[in-house]
Student: 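Supplied in structure tokens, the structure appears directly below.
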Protein chains: 2
Amino acid sequence: MATGRAHRPATRSRGIPEATVARLPLYLRALTALSERSVPTVSSEELAAAAGVNSAKLRKDFSYLGSYGTRGVGYDVEYLVYQISRELGLTQDWPVVIVGIGNLGAALANYGGFASRGFRVAALIDADPQMAGKPVAGIPVQHTDELEKIIQDDGVSIGVIATPAGAAQQVCDRLVAAGVTSILNFAPTVLNVPEGVDVRKVDLSIELQILAFHEQRKAGEEAAGDAGVVPPVAARKQQPAADQGPDGDVPAVMPA
Amino acid sequence: MATGRAHRPATRSRGIPEATVARLPLYLRALTALSERSVPTVSSEELAAAAGVNSAKLRKDFSYLGSYGTRGVGYDVEYLVYQISRELGLTQDWPVVIVGIGNLGAALANYGGFASRGFRVAALIDADPQMAGKPVAGIPVQHTDELEKIIQDDGVSIGVIATPAGAAQQVCDRLVAAGVTSILNFAPTVLNVPEGVDVRKVDLSIELQILAFHEQRKAGEEAAGDAGVVPPVAARKQQPAADQGPDGDVPAVMPA
DNA sequence: CCATCTTTGTGCACGCGTTCACAAAGACAT
DNA sequence: ATGTCTTTGTGAACGCGTGCACAAAGATGG
């Protein structure tokens, strides 16, 4: 993963395995693309290819949701989009606050992928008084003092932390105390949270370090005289990447 | 005692599990913080708490690297920092190119966590001719036309894609053709790459969707009359989540 | 209605990762 | 040296996730 998470041994969350949940957004993205092309149905094989996973895995994943396919035909795209959206809770609107409007925070505020998935940026918050009132992505930045009020007034349950590492735990505590129960953490720190609060972290530097490890390994084997794992550029044949799963990495931004 | 240790006999990186590799950067971060506080040694229990993992897991992870601890004492911080850095390939400099200098690309260019870990931004690349020459994070943006030349001249093997989804595969193909063998992908698309090329992806929207799933589940259980997983705000008591130690707060390793 | 063909849904086996629990190793005091 | 105490390193058990392979289900055509 990439991605990483920090919590309990999974209470039977509706019976859907964590690994499956992590892949549902992937399927949803692929299905949305098909939907926009007005494709009516899709087979597990096709959809799996589009999502970059194994078709057996995809079918097993869907089997946890129920029997939404038709044998001999495949899956109804629109219906499946709806079912996955519902399962992920995307049929409702999720107000989100972003704390720490530096370069990264601003980038997140401008990121289009949120709104299109049912996430609404309820507020941008920064500790710097200079930032207050300044509009970012069309939304005026508010000072940290307003944090509790905003969260309670808007019923925010998801917070994004994009502050420097030193401020992250403090911000986290305030978010949680105010009622936030899910946190996406971009600060390079381990967050302490009470039970019942979910934390997912995205550490850019960690992802690069994992790549560096493999890069070094490749270089080492190459230098070892053995025929390199990577054939000459011209000889390589295009081929889907083995695995891009969030686990990695278990992956994920942020994963991990 | 830091220095006098016997040399490891060829740590075959082949034997290090992927899950362990993904955690090494986490340990490294915690160790760096300890190092800056001039802490000479640390026990597996303490370090595990600081990194937010189980101590048994940490010991097993380290066992794949070799026997670097001293029973009854713990691990020598400096020595371990060095060993992990070496294992991850961070003792050498990794030139990195960032393609797509929008909000996110600019944020990445400004991210301090790269330089401090041995990653050097060799170039910023954007398809927009308007951007060419404009400095971002002190580095002038170059046009996509220069991509191949830059990669070959600087021997770049790691590329970061921060373009819109539509351009990602095309950029990826050019990166790979020019010699890049590791890619960190921020675009919400599945990338096709030849064998031997590593891809890690970070998708902000996916992480939020996973949080939304758990959030919905929490809300559902609460509404189902069952005693909610999350007690009322006022009643919650601060408590380390799962396996994160009580200490937890490791002061800012890196500025962000 | 029957045969055939496609594709789903899943039982099963396997491998990886996690965790427990403890023997071995070394520090330290006497 | 001897004993005690702390902490590592790891064997073994367990659980989860993955992928194979196939039977069941339904569509389609004659």
Student: Calculate the interatomic distance between A:Lys57 atom NZ and D:dT18 atom P; express it in whole Å.
Tutor: 4 Å

Student: Just how far, in rounded Å, is P of D:dG17 from CD of B:Glu18?
Tutor: 18 Å

Student: With a 6.0 Å cut-off (strictly less than), is the heavy-atom count around CD of B:Gln170, excluding the residue itself, greater than 12?
Tutor: no

Student: Output the rounded distance in Å from OH (B:Tyr64) to C1' (C:dG17).
Tutor: 8 Å

Student: Between B:Lys60 and B:Ser44, just flag the one whose closest nucleotide in DNA chain D comes earlier from the 5' side.
Tutor: B:Ser44

Student: Grab the CG-P distance between B:Asp61 and C:dT18 for me, whole Å please.
Tutor: 7 Å

Student: When rounded to the nearest 0.5 angstrom, what distance separates OH in B:Tyr68 from OH in B:Tyr75?
Tutor: 11.5 Å

Student: Using heavy atoms to find the nearest nucleotide of DNA chain D for A:Asn54 and A:Gly72 separately, return the residue whose nucleotide is more 5′.
Tutor: A:Asn54

Student: Hey, does the side-chain of A:Arg71 have a donor or acceptor N/O within less than 3.5 Å of a partner on the base of C:dT7?
Tutor: no

Student: B:Phe62 has an atom CZ; how far is it from atom C1' of D:dT8, in whole Å?
Tutor: 12 Å

Student: Over how many whole Å does the gap from B:Glu45 atom CD to D:dG9 atom C1' extend?
Tutor: 14 Å

Student: Whole Å only: how far is the CD1 atom of B:Ile16 from the P atom of C:dC16?
Tutor: 15 Å

Student: May I have the distance from A:Arg59 (atom CZ) to C:dG11 (atom C1'), rounded to whole angstrom?
Tutor: 13 Å

Student: How long is the span from the OG1 atom in A:Thr41 to the CD atom in A:Glu78, to the nearest 0.5 Å?
Tutor: 11.5 Å

Student: Contact class for A:Tyr75 vs. all strands (heavy atom < 4.0 Å): base, sugar-phosphate, or nothing?
Tutor: sugar-phosphate

Student: Counting the atoms with a prime plus P, OP1 and OP2 as sugar-phosphate, which does B:Thr20 contact under 4.0 Å by heavy atoms, base, sugar-phosphate, or nothing?
Tutor: nothing

Student: Sequence neighbours left out, what passes side chain to side chain contact (heavy atoms under 4.5 Å, CB included) with A:Ala33? Give chain and number order.
Tutor: none

